[in-house]
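In this chain, numbering begins with 1 at the start of the sequence shown. The model shown is predicted, which means the values in this text are computed figures rather than measured ones. Whatever order the structure lists them in is the order used to number ligands and atoms, beginning at 1.
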Amino acid sequence: MKLTAAELVQVRMPLVTPFETSFGVQAERDVLLVRMELDGQPGWGECVTLPSPVYSPEFSEAAATTIRRFLVPALAGIESLTASKVAAVLEPFKGHRMAKAALELAVLDAQLRCVGMSLADYLGAVHATIPSGVSVGIQPSVAELLDVVAGYLDAGYVRIKLKIKPGWDIEPVRAVRERFGDIPLQVDANTAYRLADARHLARLDEFDLLLIEQPLEEEDLTQHAELARQLRTPVCLDESITSAKSAADAIRLGATGVVNIKAGRVGGYLQARQVHDVCAASGVPVWCGGMLETGIGRAANMALAALPGFTLPGDTSASDRFYSRDIITEPFVLSDGHIAVPTGPGLGVEVDEDALAAVTVHRETVPIRWP
Ligand code: SMG
Ligand code: MG
């Protein structure tokens, strides 16, 4: 198959409530989507970058430029393009994993639609539904946090993740434990602490958390290993894990006992599956992270989360956790705390062109340059 068309679609989706993390508040989600055709068969991908480089070095404008200038032209030169070739073709371009992942996903979607196979089957999914966790942003007060958590538990979410930062950690966690008892509970610091905070973070040990996610900076693998030795709460890496190789290194160092897998962060769903395999071989549990995806990226995450090594609930919430109107025709819904993995060809979801048009800020054709 050959790449016959490519488009970039930038959308701006209002969030149902603002989402605050240690690196800022978001009231809307700007998302970069890619639509590519292989021999005329369309496929969609989602780039999970944020508008600024506060979660990762990548950001959306840079991703769009990279896709336009380097990545699409490289893919356009391949006679027989399949998803399994995308990473190798794009390897000469350093970094930009989220941009690459978006293109690989669009190729996967188009290719699998052609043969009538679901992404879940292609990746090796073993579950038809997946348990759903929810990520709870930093709230203006502990009282408001308790209300928000109560709402998610009532909705059926089976695991709660609290965003933390210095000044918003021990007290909110204590309050949630005291009010809701023995629920599956974990925290995510998005790199907000330093190794010198180890004794403070050890105060979380009494709350029997599933894990503490990315307490230290992305590059601090050795320091995460040292921190892990000082905590009873398992350390889980997110930002630090950029490939199967870095996952293997982090595990060997003792820097991580659990891994958050996000396909965008590691360069695509095929690399994400390799991260899963590396972790499974080491007996390290994994779970599927989230980047406030639209239904496109969410569909792919559900397929990934259905692999056998995903033994912890992920940030794989229903579409209405973030969006009152998703851009797919059948949004993801929670049923008894679980979400059904799409079974149709490719991503198994259909883009709702009206809903997409309503949130589109910019749509452009990327020229396919023939070599
Ligand atoms: O999609 O449910 C979701 C969001 C989950 O907390 C979430 N993601 O560090 O894990 C993380 C964050 C990154 C995005 S924050 C804007
Ligand atoms: Mg995280």
Side-chain angles (χ1 to χ4, degrees), residues 12-32 46-60 97-98 130-139 148-149 152 155 157-165 168 185-193 209-218 224 234-242 250 256 258-266 272 275 286-302 304-305 312-323 326 331-332 334 339:
R12 175 163 299 160
M13 316 233 316
L15 297 179
V16 291
T17 52
F19 188 58
E20 181 169 348
T21 65
S22 60
F23 56 78
V25 192
Q26 287 184 282
E28 56 198 11
R29 178 74 168 110
D30 284 326
V31 188
L32 184 65
E46 176 164 344
C47 182
V48 299
T49 45
L50 298 181
S52 49
V54 287
Y55 165 82
S56 68
E58 288 187 82
F59 63 103
S60 300
R97 293 182 172 86
M98 294 174 179
I130 52 166
S132 191
V134 62
S135 174
V136 182
I138 291 164
Q139 302 296 316
V148 170
V149 171
Y152 289 133
Y157 285 106
V158 302
R159 177 281 264 155
I160 298 290
K161 158 168 142 180
L162 303 180
K163 289 288 189 180
I164 59 167
K165 66 176 181 181
W168 180 266
L185 184 63
Q186 64 192 54
V187 293
D188 185 3
N190 287 109
T191 74
Y193 296 89
L209 301 176
L210 289 168
L211 56 92
I212 177 170
E213 184 180 344
Q214 198 69 42
L216 311 179
E217 285 182 296
E218 185 177 326
H224 274 107
V235 170
C236 167
L237 292 179
D238 172 359
E239 284 89 329
S240 299
I241 305 298
T242 54
T256 198
V258 183
V259 171
N260 166 334
I261 302 185
K262 289 178 184 165
R265 205 192 56 225
V266 302
V275 177
V286 303
W287 54 281
C288 183
M291 291 295 289
L292 299 85
E293 284 89 349
T294 72
I296 294 173
R298 201 164 292 273
N301 286 349
M302 299 304 167
L304 180 68
L312 291 168
D315 288 340
T316 45
S317 39
S319 297
D320 68 2
R321 152 64 187 102
F322 290 112
Y323 306 113
D326 205 335
F332 288 96
L334 203 56
I339 291 186

[X]-[Y] side chain donor-acceptor pair, cut-off 3.5 Å:
X	Y	result
E218	T191	no
Y323	R29	no
T294	E46	yes

Any F332 side-chain heavy atom under 4.5 Å of R321 side chain: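 No, every pair of side-chain atoms sits at 4.5 Å or beyond.
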Find out whether V286 and V275 are in side-chain contact, i.e. whether some heavy atom of one side chain is under 4.5 Å from a heavy atom of the other.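 The answer is no, as the side chains (C-beta and beyond) never meet within the 4.5 Å cut-off.
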Could you tell me the residue and atom name of the protein heavy atom closest to [atom], and the distance to it rounded to 0.1 Å?
atom	result
atom 12 (C) of ligand 1	K163 NZ, 3.2 Å
atom 16 (C) of ligand 1	Q26 OE1, 2.9 Å
atom 14 (C) of ligand 1	M291 SD, 3.7 Å
atom 2 (O) of ligand 1	F322 CE1, 3.3 Å
atom 6 (O) of ligand 1	S135 OG, 2.7 Å

Measure up the Y55 and F23 rings against each other and bin them: parallel (under 30°), tilted (30 to 60°), perpendicular (over 60°).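 Correct class here is tilted.
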Would you mind running through ligand 1 and noting each atom that sits below 4.0 Å from a heavy atom of [X]?
X	answer
D238	9 (O), 10 (O), 11 (C)
N190	9 (O), 11 (C)
K161	6 (O), 7 (C), 10 (O), 11 (C)
D188	9 (O), 10 (O), 11 (C)
F23	15 (S), 16 (C)
F19	6 (O), 15 (S)
E213	10 (O)

In degrees, rounded to 10 degrees, what angle do E213 atom OE2 and D238 atom OD2 make at the Mg ion (ligand 2)?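 About 90°, to the nearest ten degrees.
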D188 near the Mg ion (ligand 2): N/O/S under 2.8 Å: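 Coordinating: yes.
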Whether E239 has an N, O or S atom under 2.8 Å from the Mg ion (ligand 2):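 Not a single backbone or side-chain N, O or S atom of E239 is under 2.8 Å from the Mg ion (ligand 2).
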Between R298 and D315, is there a salt bridge with N-O shorter than 4.0 Å?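 R298 and D315: not salt-bridged.
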Check E20 with K165, please: is the shortest side-chain N to carboxylate O separation under 4.0 Å?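 Salt bridge flag = yes for E20 with K165.
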Below 3.5 angstrom, do we get any N/O pair linking L292 and ligand 1?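 Between L292 and ligand 1, an N or O pair is found under 3.5 Å apart.
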Rounded at 0.5 Å granularity, tell me how far CD1 in I164 sits from CD1 in I212.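 So the CD1 of I164 and the CD1 of I212 are separated by 4.5 Å.
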Once rounded to the nearest 0.5 Å, what's the spacing between atom OG of S132 and atom CE of M302?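 It is 6.0 Å, given to the nearest 0.5 Å.
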Heavy atoms only: which of Q214, K262, E239 is nearest to atom 11 (C) of ligand 1?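 Going through Q214, K262, E239 one by one, K262 has the nearest heavy atom to atom 11 (C) of ligand 1.
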Relative to atom 4 (C) of ligand 1, which among A189, S132, G290 owns the nearest non-hydrogen atom?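 Heavy atom nearest to atom 4 (C) of ligand 1 belongs to G290.
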If you take all heavy atoms of G290 and K262, which pair is closest and at what distance?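 So the two residues come closest at O-CE, 3.4 Å.
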